[in-house]
Structure formats: structure tokens, C-alpha cells
Amino acid sequence: MITEQLMPGGVKDPRVLEAMGRIPRHRFVQKGLEDQAYLDRPLTIGQGQTISQPLIVGMMTQALALTGNEKVLEIGTGSGYQAAILAELAREVYTVERLSTLSIAARRVLYRLGYHNIEFKIGDGTLGWQEKAPFDAILVTAAGPKIPETLKEQMAEGGRMILPVGSMESQELIFIKREGSQWKMRPLSECRFVKLVGEEGWSGE
Ligand code: SAH
């Protein structure tokens, strides 16, 4: 996965490569799919949701340029795989998931793997996590029609955010950096994610 997918795909940050090399991705996929965990593809994690392919996870994580001291917010806990990577690379991770079944399963796996710097919340992540804001980095793993204003407001000065935005069929990964009262945006690549469902995302099912 590291030498055949991440490195040729453009993941260069040694800390990201090291963390992804260490984390057992097969522990986060559904029973019976363990032998596919390291392949270059997204995998189903139940409840109609998916864990992104390794290269997307690597590119999004790398874009946040984490050094180890950050407070990070993740929207869409899903399997907990991305949260594990963030927990290795930053100081504290706050992760929000709207589906309780997924949040509870992720919590169990991450606890067993020994992570103690992750806090979980079940709810609508398009509204962020107000009590814990501001965040040095925000990573959104489901795609909505627009950039949620609330998440922009919860970025710290100098903070970074990466999120997929677009229609149901085609989306783009957007990188945002907050500089004072300005939010500088840069499109990174085309992508395809599951739906971000919530007040500042898509409505209902
Ligand atoms: N980061 C996950 C990927 C999960 S897929 C991993 O590493 O496995 C995206 C997740 O976002 C799904 O579990 C979906 O239920 C969740 N989601 C969608 N809309 C959401 C919202 N408004 N708030 C929180 N989670 C949301």
C-alpha cells in the first residue's frame, strides 16, 4: 500500500507514510473484507457508508500538514480509520458521526488499539463541535453541496480544512486556509464521497 499506492500517488510526508504503514487498516473493515483492506479501492463499512481508498486518505491527511500539536476535528467517523491516523499525527482528535452504530463500533476498535486522544460525538457534524472549537485542522469525509459556514467559523487562525464539495455525481476536494478574516481556497482534485447529511449538507435520505 505504501510503496505501490501512496508514494507513487504523491504522498510524501514521512509522518503520514509512517502512520499509515503502522495502522492495521484490516481492523477497520467489515468481517470478510480483511484481505481486501490494503487494496487501492474504497470498501463498504456498513450502513451504506464506505472507507475511502488509501490514497485519498493519505492525500487529505497530508494536506493538513500536521506536526503533532494540533487539535483536529473530523466529520464522519465511519470506521474510525481516518481518526486513528489523525490521532497518531496530532495532539487531540474530535470526531463526529451521525450514525450511532458506526460511532460505537469505531470507538470500540480505537479503544482496543490503545488510542486515548480521541473524543467521539454522535450528531450532525455540519455544525462542527462548538464547545471544543477552534480547531487547527478540520477534515470532512463526506460530501455536501457547499462549504458549511459553521465549520469555517470553527477554524483557528492559521487553521486548515479539507473537504469534498459538489453535486451528488461529481465533487472536488477543496483545501482552505484561514488567514485572519480571510479564507483562502484551493481545489485539489476530483473525488467521490458518500453524502454529507445534515443542516449544512444534503437534507434527509
Ligand atoms: N472517515 C471515515 C469515512 C467514513 S464515510 C473512515 O475513516 O472510515 C463518511 C461518514 O460520514 C459516514 O459514516 C456517514 O455516516 C458520515 N456522515 C454523513 N453526514 C454526516 C454529518 N452531517 N455528520 C457526521 N457524520 C456524517
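In each ligand, atom 1 is the first atom listed, and ligand 1 is the first ligand listed.
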Only heavy atoms count here, so choose which of T141, I75, L196 is nearest to atom 3 (C) of ligand 1. T141
With heavy atoms only and a cut-off of under 4.0 Å, state how Q49 meets ligand 1: side chain, backbone, both or neither. side chain
How close do P54 and Q5 get, counting heavy atoms only, and between which atoms? CG-OE1, 3.6 Å
Among all protein non-hydrogen atoms, which one is nearest to atom 23 (N) of ligand 1, and what is the separation to 0.1 Å? G125 N, 2.7 Å
Check whether the side chains of S170 and E190 place a donor and an acceptor atom closer than 3.5 Å, and report yes or no. no
Looking only at non-hydrogen atoms, find the nearest pair between T77 and A106 and report the distance. CG2-CB, 3.8 Å
Please identify which atoms of ligand 1 are closer than 4.0 Å to at least one heavy atom of G76. 1 (N), 2 (C), 3 (C), 4 (C), 10 (C), 11 (O), 16 (C), 25 (N)
Output yes when K132 and E119 qualify as a salt bridge under the 4.0 Å nitrogen-oxygen rule, no when they do not. yes
Please work out, at 4.0 Å between heavy atoms, whether the side chain, the backbone, both, or neither of L102 comes within that distance of ligand 1. side chain
E4 atom CD, neighbour heavy-atom count above 12 within 6.0 Å: no
So for E74, does at least one of its heavy atoms come nearer than 4.0 angstrom to any atom of ligand 1? yes
Quick check on contacts: which atoms of ligand 1 are under 4.0 angstrom from a heavy atom of G123? 23 (N), 24 (C)
Checking heavy-atom distances from atom 24 (C) of ligand 1 to each of E199, K121, R98, the winner is R98
Who's closest to atom 5 (S) of ligand 1 heavy-atom-wise, of I45, T50, I85? T50
Is there a side-chain contact between V72 and E74, using heavy atoms and a 4.5 Å cut-off? no
So if I count the atoms of ligand 1 from 1 in the order they appear, which ones are less than 4.0 Å from some heavy atom of T77? 1 (N), 2 (C), 6 (C), 8 (O)
Taking C-beta and beyond as the side chain, do Y38 and P24 meet within less than 4.5 Å on heavy atoms? yes
Picking from L86, L89, V16, what satisfies side-chain contact (heavy atoms from CB on, under 4.5 Å) with L64? L86
Would you say S52 touches ligand 1, if touching means a heavy atom closer than 4.0 Å? no
Enclosure of K146 NZ (heavy-atom neighbours >12, cutoff 6.0 Å): yes
Closer than 4.0 Å to some heavy atom of V194 - which atoms of ligand 1 meet that? 5 (S), 9 (C)
Side chain, backbone, both or neither: L99 near ligand 1, heavy atoms under 4.0 Å: side chain
So for atom CZ, which belongs to R112, do other residues, nucleotides or ligands contribute more than 12 heavy atoms lying within a distance under 6.0 Å? no
Any N/O of V197 closer than 3.5 Å to an N/O of ligand 1? yes
Below 4.5 Å, heavy atoms only, C-beta onward: do R160 and E70 meet side chain to side chain? yes
Give the numbers and elements of all ligand 1 atoms closer than 4.0 Å to a heavy atom of T126. 22 (N)
Is L139 near ligand 1, meaning one of its heavy atoms is under 4.0 Å from it? no
Touching ligand 1 at all, K195? Heavy atoms, strictly under 4.0 Å? yes
Salt bridge or not for K152 and E149, using N-O below 4.0 Å? yes
Which protein non-hydrogen atom lies closest to atom 13 (O) of ligand 1, naming both residue and atom, and how far is it? E97 OE1, 2.7 Å
Close-contact set for ligand 1 against Q82 heavy atoms, below 4.0 Å: 1 (N), 7 (O)
Hey, which atoms in ligand 1 end up nearer than 4.0 Å to a heavy atom of S79? 6 (C), 7 (O), 8 (O)
